[in-house]
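Please read these numbers as outputs of a predicted model, since none were measured by experiment.
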Amino acid sequence: MCPTPGKLTILRPRTWLGALAGTLALVPSLGAQRAWSGSFYPYAYYSTVDGFWFAAHYGLSTPIGFGERPEPHAAAVNFDAGGSTEGSYSFVADAQLPALWDGWRLRLTLSAARDNRLGFYGLGNDAPFVSDSTTDDNPHFYQVSRTHPSARVTVQRRLVGPLRVLAGAGITHTEFHALPGRSVFAQDSTYGPFTDGTVRAGLVLDTRDNELAPHSGIVVEGLFASGPGYTRTTVSARAYVHPWKRLVVAARLAGEGAGGSPPLAAQVEMESSERPFVALGGYRSLRGYYDARFVGPGKLLGGLEVRYAPLVTPSLFELVIVGFCDTGRVFGPGESFQLTTDGLHPSGGVEIAAHFLRNTLLVVGVGAGGEGAQLLFGTQWSY
């Protein structure tokens, strides 16, 4: 039986949906001369972590126009809802305005989610895994349930050329719950509910030719965030090269350090200019390992991908075969972040991706590390 999440004191679904609807009611009037189009589709997939997911997507967007630009649209409002057979769920309302106003970008995201099979192996880069610890009586020995409703707003302003300045704020209420049976989390259950109000600032250098499916360019981010009792600094670089028509090579290097006393809620995620993602372990970070396999306030992450497109219909469809390798590590409490090759956890795998029109991407694959294999699914590139 799945645990019942505690009472949420903020961001009830009716509240955040009403707030988003009120905010977004202004968007069509601001772009009154633009054509808005909607799309809806249900989908299902299987995840090693959560079993079968059943979900639906509704999107409303207005196009860039006839000129070639990197943004997938001038503005879009997306609603995604889904639930899994293991008790996880996700409801996301996301408004993106990357090119509605010249030189400005705005993004507002409201979500309510439960990760009912999130990994928890303990803190630190050497947190052990013993396969025999997971038994029929204790099937969730390395798992925990996390509920985390949140609201997040980000504003970016172009300074010069591809360089932008970023400012943002967010609030997330996180609760961890032990699952039935013995578990690592239940043995050290000192992590109570935490409401994390943060502010962020930074710089973004972005020269990608296409933001959803880039073939060339770089993205360099330097971010500083401050929350209750802690700070964190994140620096990342992604590069894309296009040596010939059907081949793209992508690479990433990212690091994050924290000051003060970051809560567990912050340690299981890595910051970015878009949305934070689970790290390390999982589709967005270390694809050959279970979600949140390695947890710590400091993180080092690297990767390389080779993407080959055997089937291309310009502006309509692209089928891509991907080979990737990821590596990374965390720095536990009391450790300082450093660039090092010691203690890295490598993984690799393959993916197949389908890119439709300008703004739809579906990715499926498998990744393997030192502790087995993971089935992968995403609606955007890992990076």
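The cluster map of Ile, Leu, Val, Met, Phe, Trp and Tyr, joined by side-chain heavy atoms under 4.5 Å apart, puts Leu361 and Tyr283 in the same cluster. When hydrophobic clusters are built by joining Ile, Leu, Val, Met, Phe, Trp and Tyr residues whose side-chain heavy atoms come closer than 4.5 Å, directly or via intermediates, Trp104 is grouped together with Leu97. Under the 4.5 Å side-chain heavy-atom criterion for Ile, Leu, Val, Met, Phe, Trp and Tyr, Leu118 and Tyr121 are members of the same hydrophobic cluster. Leu166 and Val199 are not part of a single hydrophobic cluster, where members link through side-chain heavy atoms under 4.5 Å apart. Connection of Tyr240 to Leu304 is not established within any shared hydrophobic cluster, with ILVMFWY side chains joined at heavy-atom distances below 4.5 Å, either directly or through further cluster members.
A distance-only check finds no donor-acceptor pair linking the side chain of Lys299 to the backbone of Val268 [under 3.5 Å]. At distances below 3.5 Å, not a single donor-acceptor pair connects side-chain atoms of Thr172 with backbone N or O atoms of Ser150. When atom types are taken as modelled, the side chain of Asn359 and the backbone of Pro72 share no donor-acceptor pair closer than 3.5 angstrom. Without hydrogens or angle criteria, Ser88 side chain to Asn116 main chain gives a donor-acceptor distance under 3.5 Å. Here the side chain of His73 pairs no donor or acceptor atom with the backbone of Ala75 at under 3.5 angstrom. Checking side-chain atoms of Thr234 against main-chain N and O of Glu256 turns up no donor-acceptor pair under 3.5 Å. A side-chain donor-acceptor contact under 3.5 Å links Arg114 to the backbone of Gly87. Formation of a donor-acceptor pair under 3.5 Å by the His177 side chain with backbone atoms of Leu179 is not found in this model. The backbone N or O of Ala309 sits less than 3.5 Å from a side-chain atom of Arg246, completing a donor-acceptor pair.
Between Gly122 and Ala127, the shortest heavy-atom distance links the atoms O-CB, 3.8 Å. Taking both residues in full, the closest heavy atoms of Glu175 and Pro193 are given as CG-CB, 3.7 Å, listed atom of the first, atom of the second, then distance. When all heavy atoms of Ala373 and Val366 are compared, the pair lying nearest together is CB-CG2, 4.2 Å. Residues Phe91 and Ala81 share a closest heavy-atom pair of CD2-CB, 3.5 Å. Scanning both residues, Met270 and Ala279, for their nearest heavy atoms gives CB-CB, 3.8 Å. The two residues Phe331 and Ser336 make their nearest non-hydrogen contact at CD2-O, 3.6 Å.
Counting non-hydrogen atoms of neighbouring residues, nucleotides and ligands closer than 6.0 angstrom, the OH atom of Tyr308 exceeds 12 such neighbours. More than 12 heavy-atom neighbours from other residues, nucleotides or ligands sit within 6.0 angstrom of CG on Leu163.
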(message) Before you tell me yes or no, could you show the steps for Ser382 and Glu305 under side chain to side chain contact (heavy atoms under 4.5 Å, CB included), namely the whole-Å CA-CA distance, both residues' side-chain angles and the distance that decides it to 0.1 Å?
(response) CA-CA 10 Å; Ser382 176; Glu305 287 190 358; 4.1 Å; yes
(request) Mind running salt bridge (Lys or Arg N to Asp or Glu O under 4.0 Å) on Glu221 and Arg200 for me, showing each step along the way? (result) CA-CA 12 Å; Glu221 299 179 355; Arg200 292 167 285 114; over 6 Å; no
(request) Output, in order, the C-alpha distance, side-chain angles, deciding distance and verdict of side chain to side chain contact (heavy atoms under 4.5 Å, CB included) for Tyr383 and Asp326. (result) CA-CA 11 Å; Tyr383 56 87; Asp326 298 325; 4.3 Å; yes
(request) Would you check, one step at a time, whether the test side chain to side chain contact (heavy atoms under 4.5 Å, CB included) holds for Val248 with Val241? (result) CA-CA 6 Å; Val248 173; Val241 295; over 6 Å; no
(request) Let me see the working for Val350 and Ile321 under side chain to side chain contact (heavy atoms under 4.5 Å, CB included), right down to the final yes or no. (result) CA-CA 7 Å; Val350 295; Ile321 299 173; over 6 Å; no
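Ring pair Tyr45/Tyr43 is parallel by interplanar angle, where below 30° counts as parallel and above 60° as perpendicular. The aromatic rings of Tyr191 and Phe120 stand perpendicular to each other, their planes meeting at an angle above 60°, with 30° marking the opposite boundary.
At least one side-chain heavy atom of Arg284 sits under 4.5 Å from a side-chain heavy atom of Gln380. Side-chain contact between Arg275 and Val92 is present, with at least one heavy-atom pair separated by less than 4.5 Å. The closest side-chain heavy-atom distance from Thr379 to Asp80 is not below 4.5 Å. Two residues are said to be in side-chain contact when any heavy atoms from C-beta on lie closer than 4.5 Å; Glu211 and Asp206 meet this criterion. Thr135 places none of its side-chain heavy atoms less than 4.5 Å from the side chain of Arg182. At least one side-chain heavy atom of Phe54 sits under 4.5 Å from a side-chain heavy atom of Thr85. Looking at Leu376 and Glu351, their side chains come closer than 4.5 Å, going by heavy atoms from C-beta outward. Trp53 places a side-chain heavy atom less than 4.5 Å from the side chain of Ser47.
A salt bridge links Glu271 with Arg152: at least one charged nitrogen is closer than 4.0 Å to a carboxylate oxygen. A salt bridge is defined here as a Lys NZ or Arg NE, NH1 or NH2 lying under 4.0 Å from an Asp or Glu carboxylate O, and Glu269 with Arg146 meets this definition. A salt bridge links Arg158 with Asp102: at least one charged nitrogen is closer than 4.0 Å to a carboxylate oxygen.
Because its NZ or CZ atom is not both nearer than 6.0 Å to the ring centre of Phe294 and within 45° of the ring axis, Arg329 does not count as a cation-pi partner of that residue. No cation-pi contact links Arg238 to Trp381, judged by a cut-off of 6.0 Å to the six-membered ring centre and 45° from its axis.
Side-chain contact annotation: His345 with Asn125, donor-acceptor N/O pair under 3.5 Å present. A donor atom on one side chain and an acceptor atom on the other are found under 3.5 Å apart for Thr109 and Asp94. Using a 3.5 Å distance cut-off with no hydrogens or angles, the side chains of Asp196 and Tyr230 do pair a donor with an acceptor.
To the nearest 0.5 angstrom, Gln96 atom CD is 10.5 Å from Leu108 atom CG. Note: Asp115 CG to Ser90 OG = 8.0 Å, rounded to the nearest 0.5 Å.
Between Tyr142 and Tyr290, a ring centre-to-centre spacing not shorter than 6.0 Å is recorded.
Checking Val330, Thr341, Leu344 one by one against Leu300, the side-chain contact (heavy atoms from CB on, under 4.5 Å) holds for a single residue, Leu344.
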